[in-house]
Amino acid sequence: MPDTAFENRDFLHQMGQSGEFLKELADEKVVEKAFENIDKFNKKYRISKFILDKDIEKRLMMDKGLKIFVLV
């Protein structure tokens with residue numbers, strides 16, 4: 001992870017992969033489509049923090065030697 005994080009919050013200009021602003025203005029339709037795609041991804045695939053925390057908690061308990069038995 002880099003020492004500093006840079007976020008592009010100015011969506012008027014495009015940003016290159018190395019972090020410099022490009023001279024071309026961003027196409028408004030392209031930006032809107034990107035945000036729509038992010039929303040679709042989040043709705044389909046995002047895992048809630050609560051579920052993720054519970055999963056991590058269970059995995060840590062198993063690593064510590066806790067055994068769970070299910071009696072049927």
Side-chain angles (χ1 to χ4, degrees):
M1 188 162 169
D3 292 338
T4 59
F6 181 83
E7 292 184 25
N8 176 15
R9 295 185 179 267
D10 177 12
F11 298 111
L12 182 61
H13 292 278
Q14 298 180 46
M15 179 175 276
Q17 290 184 347
S18 59
E20 80 282 356
F21 285 104
L22 304 175
K23 291 181 182 179
E24 298 86 16
L25 292 177
D27 183 4
E28 186 177 330
K29 291 180 183 178
V30 172
V31 173
E32 287 176 9
K33 183 70 173 170
F35 283 125
E36 287 175 15
N37 288 341
I38 291 170
D39 289 340
K40 286 179 188 175
F41 178 85
N42 283 339
K43 286 177 186 173
K44 286 184 176 182
Y45 304 110
R46 188 173 184 180
I47 299 172
S48 75
K49 184 170 177 2
F50 175 78
I51 292 173
L52 187 59
D53 287 347
K54 289 296 179 187
D55 181 66
I56 291 171
E57 178 184 0
K58 301 274 188 301
R59 289 172 190 260
L60 289 173
M61 289 170 54
M62 298 301 271
D63 284 346
K64 301 274 186 214
L66 177 69
K67 303 294 181 203
I68 298 174
F69 298 96
V70 178
L71 299 174
V72 181

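Note that the numbering runs from 1 along the sequence shown for the chain.
- Remark: Gln17 pairs with no residue by the side chain to side chain donor-acceptor pair (under 3.5 Å) rule, at least two apart or across chains.
- With a 6.0 Å radius and a threshold of 12 heavy atoms from other residues, nucleotides or ligands, Ile47 has its CD1 atom at or below the threshold.
- With respect to Lys29 and Glu32, no salt bridge is recorded, no charged nitrogen being found less than 4.0 Å from a carboxylate O.
- Every residue two or more places apart in sequence or in another chain was checked for a salt bridge (charged side-chain N to carboxylate O under 4.0 Å, His left out) with Lys33, and none qualifies.
- Note that CD1 of Ile51 and CD1 of Ile56 are 12.0 Å apart. Values are rounded to the nearest 0.5 Å.
- Within the structure, side-chain hydrogen bond (donor to acceptor under 3.5 Å, both in side chains) contacts touching residues 37-50 (residues at least two apart or in different chains) are Lys49-Asp53.
- Inter-residue side-chain proximity for Ile38 and Phe41 is flagged as unmet; no heavy-atom pair is nearer than 4.5 Å.
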